[in-house]
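To keep things clear, I will list the structure first and then write my remarks on it.
Throughout, a chain's letter reflects where its sequence line sits, starting with A, and its residues are numbered from 1.
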Amino acid sequence: MISRTISHLLAFIKLRGNFFTNSFLLPLQNHLSSSRLGLEFSSHTTFLASLHSNSNSSSHPRSKFQKVTNLDDALNMFDEMIQRRPLPSVVQFNQLLNAVTKMKHFSCCLHLFKQMCVTGVPVDEYSMSIAIKCCCQLYRTNDGFALLCCCFWRAVVPDVFIFSTLLDGLVLEDRILEAERLFKKLIKHRLCEPNVVMYNTMIKGLCKFGNNVMAIGLLRLMDERGCKADVVTYNTIMDSLCKDKMIDDAFKLFKEMVFEKGILPNVITYTSLICGLCNLGRWEEVSKMLKEMEDVRISPNLQTFTVLVDAFCKEGKVDDAEAVIDIMVERGEVPNIVTYNTLIDGYCLRGEMSKARTVFDSLTSRGLVPNVITYSSLLNGYCKNLNIEEAMLMFHEITKNGLKPDIVTFSTMLQGLFRVGRCGAARRLFDEMRAQGQHCFCRSALKSCPRFLQWINPKLAAGWCIMPISMWIDNYSK
DNA sequence: GTCGGTAGGT
C-alpha cells in the first residue's frame, strides 16, 4: 500500500515537472487567470488565489552598498570613506556595515564599527544594532549587552531592533530563561513595544525548547496586544508542531492563518507541512498538498524536494529518493549538498554503509564539497551500526578536512558512545565540546538526549518552568 | 535614505 502511494507520488512529481520548473518565470497575474482550480480544493484554492491577487510584491529600493558582495571591495570602500572630508553620513556607513554583515563577516564588521567609534564617525541606533547583531551571531551575546551599555553613554536610545537582536542572541545561545526575562522586562518597564519580529524571536525560542503551548499562548497575546502575526509567526509554530508530530494542530493553525487572518502561506509553510505529513507516512495528504501548491501557484523549491528525498529514504525507498533527485536534475534544478546529505543519510539509516560511501565519494565529481553534515551523517551511520571505531575515524576526518564538528556532530558521537556504554568517554567529549566554545544546542539535540539538558542547565532539567502566559499578561498591564 | 525573523543532518 505504502509503496503504491509512493510510486503514485513519484509519478505526480514527474507529471508536474514543467509546472514546477516554469512557474516562477511567469507573472503572478497570468498564473491566476490560467489557474486550473482543482475540484476537491476549489473553495480553499479560490480563497488562497484571492489572497494572492491582493498581495503586493513591490520591491524595496536598494542601496549601492547592497551590490558589494566582496569583502575586499567593502574594506576598500570603508578606507576611502573614513578619509573623506567631510565624512560621509552615518547612513552610508551603516549600509556598508550591513553589507559586510550580509557576507557573514561578523568579526570584520565589528572591527569596522570599532574604527568608526575611534575615528569619531557618529554612530546611531542603526550602527549599534548591526554591531550587536555581529556579537550575537558570534555567540558573544554578553558583548552585545556590553554594547547596549555603550548606547546609554553615547546617548543612543535602544530601539526594538536592538532589543530583538539581543533577544535573538539569547535564543541562539539557548539562554531561554534569560530571553524570557528580557522580553518581560521590556514589556513591564515599557522599554520598547515588541513588534512582530520580536514576538517571532521569542516564539522561536519557545519552540526550540519544545514549548509549543507557550508559543501559541504568545501568538494569542500578540493578538490581544494588537500586534499582527505574520506568515513567519505561523510558520515557526507550525514547523514546531510538525516536528512534534502534532500535524493536526499545525493544520488548525494553517486554516486559522489563511481563513481567519487572511495571511498568505509561502513555500516554507508548505515545506514544513509536507515534512510533517511525510514523517507520519501520510502520503495521500502529501500528494494533496503538492497539488494545492500547484493550484495556488507556489512552486516547490530545492528544500521541498529534499524533504521528499528524505521521506523516501526513511521509508526505505532509497531508489525512489534517487529518482526524485533525477527528476530535479531533469528539471534543471541543481541538487545541492543538502540533497546528497539526505540521500547519504538514507543509506546510513538502512545500514547500507557501502552505498552511502559511494554517494559520498561521488560528491567531488558533482562539484560538491562535503560539509560537516555530510560527515555527521556517515558518522551517525557508523554509530547506528555500533561501529564506534569507524565513527571515531569519521569524527577526526572532519577536523582533518579543515571543518569544525558542530553540535550535531558532537551529539551524534555522544549518543554513539552512550549506546555502547562508554559514558565516561561521552562526558569527556561533552567537556571538550564546551571547551571548544560549542554552546548552541539545536532543538533535536536537546530532545534526543535528556542528559544534555541536565548538563547545560540543571534548573531547566529540574522542571524549572517558564512563567505561564497569563502572568505575562499581568506583567504587561502593571 | 539603512537594520532584525520562518523550512535540511543526531
Side-chain angles (χ1 to χ4, degrees), chain A residues 60-66 89-99 101-102 124-133 136-137 159-169 171 195-205 207 230-240 242-243 265-276 300-307 309-310 313 336-346 348-349 371-381 383-384 406-416 418-419 442-449 452:
Chain A
H60 296 285
R62 296 175 148 256
S63 81
K64 65 174 177 180
F65 297 99
Q66 273 176 311
S89 73
V90 63
V91 172
Q92 306 250 319
F93 279 102
N94 291 345
Q95 288 174 338
L96 185 63
L97 285 189
N98 194 33
T101 314
K102 288 261 152 66
D124 62 5
E125 52 271 26
Y126 283 99
S127 357
M128 276 294 180
S129 78
I130 295 170
I132 291 175
K133 184 189 166 68
C136 293
Q137 291 295 316
D159 57 9
V160 67
F161 291 92
I162 289 184
F163 286 122
S164 293
T165 309
L166 286 166
L167 193 73
D168 196 42
V171 169
N195 64 5
V196 63
V197 175
M198 185 176 269
Y199 277 108
N200 289 351
T201 307
M202 195 63 235
I203 286 175
K204 178 175 74 176
C207 289
D230 64 7
V231 65
V232 179
T233 323
Y234 280 95
N235 282 355
T236 309
I237 306 176
M238 282 191 282
D239 185 64
S240 183
C242 287
K243 287 202 168 83
N266 60 17
V267 62
I268 299 178
T269 321
Y270 282 102
T271 306
S272 288
L273 290 171
I274 287 172
C275 184
N301 62 15
L302 203 63
Q303 260 165 286
T304 320
F305 278 99
T306 302
V307 164
V309 170
D310 186 47
C313 283
N336 59 12
I337 188 69
V338 181
T339 319
Y340 286 104
N341 283 349
T342 309
L343 189 65
I344 288 174
D345 211 43
C348 288
L349 197 77
N371 63 13
V372 67
I373 300 179
T374 325
Y375 289 103
S376 303
S377 291
L378 282 165
L379 195 152
N380 181 40
C383 283
K384 283 250 162 71
D406 70 6
I407 182 63
V408 180
T409 324
F410 276 108
S411 316
T412 311
M413 199 63 240
L414 284 168
Q415 282 180 81
F418 278 133
R419 201 170 291 144
C442 61
R443 136 193 201 113
S444 30
L446 291 165
K447 289 209 104 166
S448 67
C449 191
F452 288 152

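- Rounding to whole angstrom units, CE of residue Met413(A) and C1' of dT10(B) are separated by 12 Å.
- Using a 4.0 Å heavy-atom cutoff across all strands shown, Ser89(A) reaches at least one base atom of the nucleic acid.
- You'll find that the side chain of Ile373(A) is closest to dG9(B), out of dT6(B), dG9(B), dG4(B).
- With hydrogens and angles ignored, the 3.5 Å screen pairs a side-chain donor or acceptor of Asp124(A) with a backbone N or O of Ser127(A).
- Taking 3.5 Å as the limit, the base of dG9(B) and the side chain of Asp310(A) contain no donor-acceptor pair of atoms between them.
- Which of dA7(B), dT10(B), dG4(B) sits closest to the side chain of Thr412(A) comes down to dT10(B).
- Side-chain proximity of Phe161(A) to the nucleotides dA7(B), dC3(B), dT6(B) is greatest for dC3(B).
- Looking at the side chain of Lys102(A), the nearest of the listed nucleotides dT10(B), dT2(B), dC3(B) is dC3(B).
- Under the 4.5 Å side-chain criterion, counting only non-hydrogen atoms from C-beta, Leu302(A) is not in contact with Val338(A).
- Contact annotation for Thr342(A): no contact, since no heavy-atom pair falls under 4.0 Å across all strands.
- Of the candidate nucleotides dG4(B), dG1(B), dT6(B), dT6(B) has the atom nearest to the side chain of Val232(A).
- The CE atom of Met202(A) sits 16 Å away from the C1' atom of dG4(B) (whole-angstrom rounding).
- Each of Thr236(A), Thr304(A), Asp239(A) was checked for a side chain to side chain donor-acceptor pair (under 3.5 Å) with Ser272(A), and the lone residue meeting it is Asp239(A).
- No engagement by Thr306(A) is indicated, since no non-hydrogen atom pair under 4.0 Å with the nucleic acid exists.
- Spacing between atom CG of Asp345(A) and atom C1' of dG9(B) amounts to 6 Å, rounded to whole angstrom units.
- Met238(A) places its CE atom 15 Å from the P atom of dT6(B), with the value rounded to the nearest Å.
- The salt bridge (charged side-chain N to carboxylate O under 4.0 Å, His left out) check on Lys133(A) picks up nothing, with sequence neighbours excluded.
- Across all strands, Val307(A) comes closer than 4.0 Å to no nucleic acid atom at all (heavy-atom distances).
- Checked by distance alone, Asn380(A) brings no side-chain donor or acceptor within 3.5 Å of a matching partner on the base of dT10(B).
- In this structure, CG of Asp159(A) is placed 14 Å from P of dT2(B), rounded to the nearest angstrom.
- In terms of polar N and O atoms assigned as donor or acceptor, the side chain of Ser376(A) comes within less than 3.5 Å of the base of dG9(B) in a complementary pairing.
- Side chain of Ser272(A), nearest nucleotide from dT10(B), dA7(B), dG4(B): dA7(B).
- Remark: Asp310(A) pairs with Lys314(A) by the salt bridge (charged side-chain N to carboxylate O under 4.0 Å, His left out) rule, at least two apart or across chains.
- An OP1 or OP2 oxygen of dG9(B) is reached within less than 4.0 angstrom by no side-chain nitrogen or oxygen of Asn341(A).
- The CD1-P distance, from Ile274(A) to dG8(B), rounds to 14 Å in whole Å.
- Rounding to whole angstrom units, CD1 of residue Ile203(A) and C1' of dG4(B) are separated by 15 Å.
- Side chain of Asn336(A) to main chain of Thr339(A): a donor-acceptor pair is present (N/O by atom type, distance under 3.5 Å, no hydrogens or angles).
- A donor-acceptor contact under 3.5 angstrom links the side-chain atoms of Asp406(A) to the base of dG9(B).
- Within 4.0 Å of Gln92(A), counting heavy atoms only, lies at least one base atom of the nucleic acid.
- Listed nucleotides: dT2(B), dG9(B), dC3(B). Nearest to the side chain of Ser129(A): dC3(B).
- Phosphate contact (OP1/OP2 of dA7(B), side-chain N/O of Lys204(A), threshold under 4.0 Å): absent.
- Nucleic acid contact class of Val90(A) (heavy atoms, under 4.0 Å, all strands): none.
- At a threshold of 4.5 Å between non-hydrogen side-chain atoms, the residues Thr374(A) and Ile344(A) count as touching.
- Side-chain N/O atoms of Lys243(A) include one lying less than 4.0 angstrom from OP1 or OP2 on dG8(B).
- For the pair Ile237(A) CD1 and dT6(B) P, the interatomic distance rounds to 14 Å; values are reported in whole Å.
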